[in-house]
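What's counted below: heavy atoms across the whole structure, side chains too, no hydrogens, waters or symmetry copies. Letters A, B, ... mirror the listed sequences (proteins, then strands); counts begin at 1.
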Amino acid sequence: MAKIIRVAEIENGHPGTGRHIGKMVGLKIEPGDTVDFQGLLTTTNSFADELIVTFLERHSFEDLKTLKFKNASPLLTILIKRAIHRRVLEARKDVDHSFGRQQFCPAS
Amino acid sequence: MSIIRLDGSNSVQLLKTLRGQAFPNSYPHVLDLSLVSFVTPVVSVITQILKINDWELILPYAEEPKQYLNWMLSGTYQKPERYITPKIISKATDIPPTTQEYFKIFQNWLSEEAADDLKYSFGELMDNVFDHANTDIGVCVAAQKYPQLDKVEGAIVDLGVGIAYSFENVNESNGLIFFKKALKMKGTSKPDKHSGEGLSSVLEWLKKNHCDAMILSQNHVWEFLKSKETISELNHVAWPGTLIWFAIPPNLEYNLRIIWEEFGLGQDTSEIDDLFL
């Protein structure tokens, strides 16, 4: 059942670096949910990237397109769009149907 | 006994003095502030983080900076209309409440957009310390508004491994290559996480807005002064960790949203635009 994920509550409950909070949020989101960023303090690139990649490790891009992002600041909107773009749209050139973290890693 | 001396009346002079000295390995250490005539955020963070590492301090000869420093270090000087006094953030869990505290102050100092961007910048730089610097002490942050000079200065310092040395496969001979790589977009130490983009975005934001800034990180120096960028490698350790300083005006021409758009959203995003309410 679709629910509203209040990100500021997760941030309060699991404070830490942006990447840590992004992971906590990404683990709680399910397809169809609305992600509400009202009152969120953390707006780093790492937060946005980890949120998206954590969700995509468990779900598909089609699932991601069922989400709604609400009350994101203009900067956070750009960061999330870029994370999606980076993780999915750009990666389509190389890999189909699978959106986990490892598939998109350039060789280190 | 090893002595590091700070000398100067502004942050650029102080940092240039600092990087001209080799940081000592021997003990005990002394931080000599006797010639410091103004307590800038650079002085605050350096003094605070070395003090908790048991460095001995020689306070400024001049009465006014000596008083400021004593007040700031004791935590009794609370004037958020002008200063964010140096604060050690020792746990990642303290980042969100600290960010909130600073953001309220930034909103009184800067335009709404610049305050939001400065909040982002401090957030990214604090995150970096906990994600990459590998230090138990944490990070020290300070900021100050200069109404007469029409600018805000910020400084953030740690005693971690340094920017270049957070990469794998780095050594003394290729350190500068990795340092330069870390400053550029897509120059990441952890490709799967796109680590390092936060720092790159902050530096790009400062450069686009022609803000003065400097980084001392182990034996590497990045500076952007009067819109001229210089990256160099020293034969000695200029700072045993990473020290980042910047000065910004209250209103900025370029905001971070534009910087990020330029970084990566040149292509069509119509497929995901509808996700945002």
Side-chain angles (χ1 to χ4, degrees), chain A residues 8 11-23 34-37 39-50 52-53 61 64-90 92 100-108, chain B residues 91-103 113 116-117 119-132 167-169 186 188-202 255-261 263-269 271-277:
Chain A
E11 183 183 47
N12 284 334
H14 303 275
T17 63
R19 191 165 292 286
H20 168 78
I21 296 167
K23 187 171 192 68
T34 297
V35 185
D36 187 349
F37 295 101
L40 176 71
L41 294 166
T42 304
T43 54
T44 62
N45 177 55
S46 303
F47 164 80
D49 186 61
E50 194 68 34
I52 295 303
V53 80
F61 180 47
L64 190 143
K65 287 198 290 185
T66 68
L67 301 178
K68 291 294 175 195
F69 297 108
K70 188 178 170 187
N71 293 318
S73 67
L75 177 58
L76 184 57
T77 298
I78 291 292
L79 293 173
I80 292 172
K81 279 186 180 180
R82 185 170 185 276
I84 296 171
H85 202 270
R86 177 65 117 358
R87 296 291 181 178
V88 179
L89 304 182
E90 283 183 7
R92 275 180 180 163
R101 189 195 305 271
Q102 294 305 320
Q103 283 79 3
F104 303 119
C105 297
S108 53
Chain B
K91 305 189 300 286
T93 51
D94 290 337
I95 294 176
T98 304
T99 303
Q100 183 177 31
E101 178 189 333
Y102 289 180
F103 184 47
E113 201 161 49
D116 205 34
D117 285 355
K119 178 185 78 166
Y120 166 94
S121 300
F122 271 112
E124 288 284 9
L125 299 177
M126 286 192 283
D127 271 12
N128 279 348
V129 174
F130 290 97
D131 284 340
H132 308 296
F167 285 81
E168 291 178 12
N169 305 319
K186 298 185 179 177
T188 173
S189 61
K190 295 184 176 71
D192 60 323
K193 293 185 174 180
H194 301 305
S195 301
E197 290 186 339
L199 174 63
S200 310
S201 65
V202 172
N255 62 41
L256 272 161
R257 185 174 49 78
I258 297 171
I259 303 293
W260 276 106
E261 280 177 345
F263 272 151
L265 282 177
Q267 297 174 41
D268 179 24
T269 59
E271 197 174 357
I272 53 176
D273 285 346
D274 290 346
L275 308 186
F276 294 84
L277 302 177

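No part of B:K91 comes within reach of chain A, as not one of its non-hydrogen atoms sits under 4.5 angstrom from that chain. Interface residue B:D117: only side-chain heavy atoms are found under 4.5 Å from chain A. Residue A:L40 touches chain B through its backbone alone, counting heavy-atom pairs closer than 4.5 Å. Proximity to chain B is limited to the side chain of A:T42, based on heavy atoms less than 4.5 angstrom apart. Using a 4.5 Å cut-off between heavy atoms, B:F276 touches chain A through backbone and side chain atoms alike. Residue A:L75 touches chain B through both its backbone and its side chain, counting heavy-atom pairs closer than 4.5 Å.
With respect to B:D273 and A:K81, a salt bridge is recorded, a charged nitrogen being found less than 4.0 Å from a carboxylate O.
In this structure, A:G16 and B:P96 approach most closely via the heavy-atom pair O-CD, 3.7 Å. Smallest separation of non-hydrogen atoms from A:T17 and B:D127: CA-OD1, 3.4 Å. The minimum heavy-atom distance between B:Y120 and A:T43, with the atom names listed, is CD1-O, 3.1 Å.
Distance alone, capped at 3.5 Å, places no donor-acceptor pair between the A:N45 side chain and the B:E197 backbone.
In terms of heavy-atom pairs under 4.5 angstrom with chain B, the leader among A:K68, A:K70, A:H14, A:H20 is A:K68.
Taking the side chain as every heavy atom from C-beta outward, B:I95 and A:I21 never approach each other to under 4.5 Å. Here the side chains of A:F61 and B:I272 are in contact, with some heavy-atom distance below 4.5 Å.
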side-chain contact (heavy atoms from CB on, under 4.5 Å) between B:L275 and A:I84, worked out: CA-CA 11 Å; B:L275 308 186; A:I84 296 171; 4.3 Å; yes

